[in-house]
Structures are given as C-alpha cells and as structure tokens.
Amino acid sequence: GVTHTPVAIRPAKRGDVPAIVGLFDDDDLSVGAYSSAGPPTRAEFSSAGPPTGDKPAHVTPSGAHYAAFDAIEADPNNQVFVAEIGGVVVGTFQLTFIRQLSYGGCLVAQVESVHVHSSVRSHGVGRMMMEFARTEAERRGAYRLQLTSNVKRERAHGFYERLGYRATHKGMKLQLQPSAPKGKIET
C-alpha cells in the first residue's frame, strides 16, 4: 500500500541523530547493533514516541554517532536525509557523491544506510526516498546511482529491482580494525 499521509524528505539535522539511530535499531538484521547501549527501552522513547506500534523511534546515540554526523554534514559531497510523516522521522538514507577517473571523470552517486521504520514499510516511503535520491543525483550530474544491500535482504533486493536497479557487480567488504579512537574521525 501507499501512504496517504504526506511524506516530507529533507536534509537531516543534528537533532535528528537519535531518531536516525533508532531507525537503525528498528531493523531485523541488526536490532541493538547501532545504538550505544543495545536495544532501546521505553525510557528512551522520544516524547513523540514511535511512529506506530510499540517499537521505539529514538535511542541514545553515542559521541561517535554525533562525530560521524558532523563530519558528513561538513562534507559537500555527503548528506544524510530523513523522511518525515507528521513531523516524525520514519526513514533515512545517506547520499554520497564520488568523482572517478573512469568514464571520462564521471560523478557517481551512492546511496547507503537506507532505513524505513517497520511500521511504515510497504507504504511508499522507501520509494519516495529513492526517487528523491535519484532526482538529487541527476540534478548534480551523476552518471549513475548505485547502492549495496545486505545479501540477506531479499525483500529489499526486490524493491530495488522494481525501481530499476540491477545487480551488475559483486560487492565485497573487508572489516578493518580502525586505529583512530571511537568517535574520532581522521581526515
């Protein structure tokens, strides 16, 4: 179904970080993995509460979350966006622009950290966020818009395919042991 309540997509503000981290925790694959103190409790609900249902919309972010947000916000080629319904954050994504030497020095847009609150999934919020990302990538002159998605997220893969994305490459990751202390980002 599609939501009939207006969805607003806007650049995230520092004050949105608790809601964004709450969206990461409202995830079947990573419940508790993104917050600083594990799964959120009732005490961590914002005054607005969850969008619907009984899952929290906000958790307590760590200093590392705020440091990352500040670094992203300071980078003109990086931006975090949120989707709101009735003033409540129900979705988020990060859009990054990468200049490459390939394809004549093309600009590539990469969308990451796409999360929609479980209470509004399959209601058009994700589609609106991805259309917004595409429009912004086209406005900036990007050659393509790309993303990665966890191999376990088969529903998400179908969603992206319905939007026209194709699995053309095999992505790989190597987990590193960062030398910088948590919360510190070296540039």
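In terms of modelled atom types and a separation under 3.5 Å, the side chain of H117 and the main chain of S119 share a donor-acceptor contact. Side chain of H65 to backbone of G63: no donor-acceptor contact under 3.5 angstrom is found. No donor-acceptor pair under 3.5 Å is formed between the side chain of N78 and the backbone N or O of D75. Not a single donor-acceptor pair under 3.5 Å links the side chain of R144 to the backbone N or O of A109. Judged by distance alone, the side chain of D26 and the main-chain N or O of S118 form a donor-acceptor pair under 3.5 Å.
Taking CZ of R121 as the reference point, atom CZ of R155 lies at 7.5 Å (rounded to 0.5 Å). Taking CD from E73 and CD from Q79, the interatomic distance works out to 8.5 Å, rounded to the nearest 0.5 Å. Here the OH-OG distance, from Y165 to S149, works out to 11.5 Å after rounding to the nearest 0.5 Å.
When all heavy atoms are compared, the tightest approach of A19 to V89 is CB-CB, 3.8 Å. Nearest heavy atoms, L145 versus A133: CD2-C, 4.1 Å. For the pair P11 and D16, the tightest heavy-atom approach, listed with the atom from each and the gap, is O-OD2, 4.5 Å. What you find for P61 and Y66 is that their closest heavy atoms are CG-OH, 3.4 Å. Between P18 and G15, the shortest heavy-atom contact is CD-O, 3.4 Å.
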Practice item. Before giving the answer on side-chain contact (heavy atoms from CB on, under 4.5 Å), spell out for L147 and Y160 the whole-Å C-alpha distance, their side-chain angles and the decisive distance to 0.1 Å. Key: CA-CA 9 Å; L147 59 86; Y160 293 126; 3.6 Å; yes
Exercise for review: Run the numbers on I85 and V125 for side-chain contact (heavy atoms from CB on, under 4.5 Å), then give the verdict.
Suggested key: CA-CA 9 Å; I85 296 177; V125 175; 4.0 Å; yes
Practice item. Begin from the C-alpha positions of I72 and Q94 and carry the test side-chain contact (heavy atoms from CB on, under 4.5 Å) through to its verdict. Key: CA-CA 9 Å; I72 292 165; Q94 181 173 339; 3.7 Å; yes
Exercise for review: List the steps, then state whether salt bridge (Lys or Arg N to Asp or Glu O under 4.0 Å) holds for E84 with R10.
Suggested key: CA-CA 8 Å; E84 290 181 322; R10 63 168 174 78; 2.9 Å; yes
Check your understanding: Can you check side-chain contact (heavy atoms from CB on, under 4.5 Å) on M129 and F81, steps first, answer last?
Key -> CA-CA 9 Å; M129 292 188 332; F81 292 89; over 6 Å; no
Practice item. Test salt bridge (Lys or Arg N to Asp or Glu O under 4.0 Å) on R134 and E131 and set out the steps. Key: CA-CA 5 Å; R134 179 180 180 161; E131 288 172 357; over 6 Å; no
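Residues Y143 and L107 fall into different hydrophobic clusters, defined by Ile, Leu, Val, Met, Phe, Trp and Tyr side chains chained together at heavy-atom separations under 4.5 Å. Taking hydrophobic clusters as Ile, Leu, Val, Met, Phe, Trp and Tyr residues chained together by side-chain heavy-atom distances below 4.5 Å, V111 does not share a cluster with I98. Hydrophobic clustering (side-chain heavy atoms under 4.5 Å, transitive across Ile, Leu, Val, Met, Phe, Trp, Tyr) groups M128 together with M130.
In this structure, F93 has its ring center at least 6.0 angstrom away from the ring center of H115.
With contacts defined as side-chain heavy-atom distances shorter than 4.5 Å, the pair F24/S113 qualifies. Counting heavy atoms from C-beta outward, I20 and V80 have side chains that approach closer than 4.5 Å.
In summary, the side chains of Q110 and Q146 do present a donor paired with an acceptor at a separation below 3.5 Å, with no hydrogens or angles considered. A side-chain donor-acceptor contact under 3.5 Å links E112 and T148.
With a 6.0 Å cutoff to the six-membered ring centre and a 45° limit on the axis angle, R140 counts as a cation-pi contact of F97.
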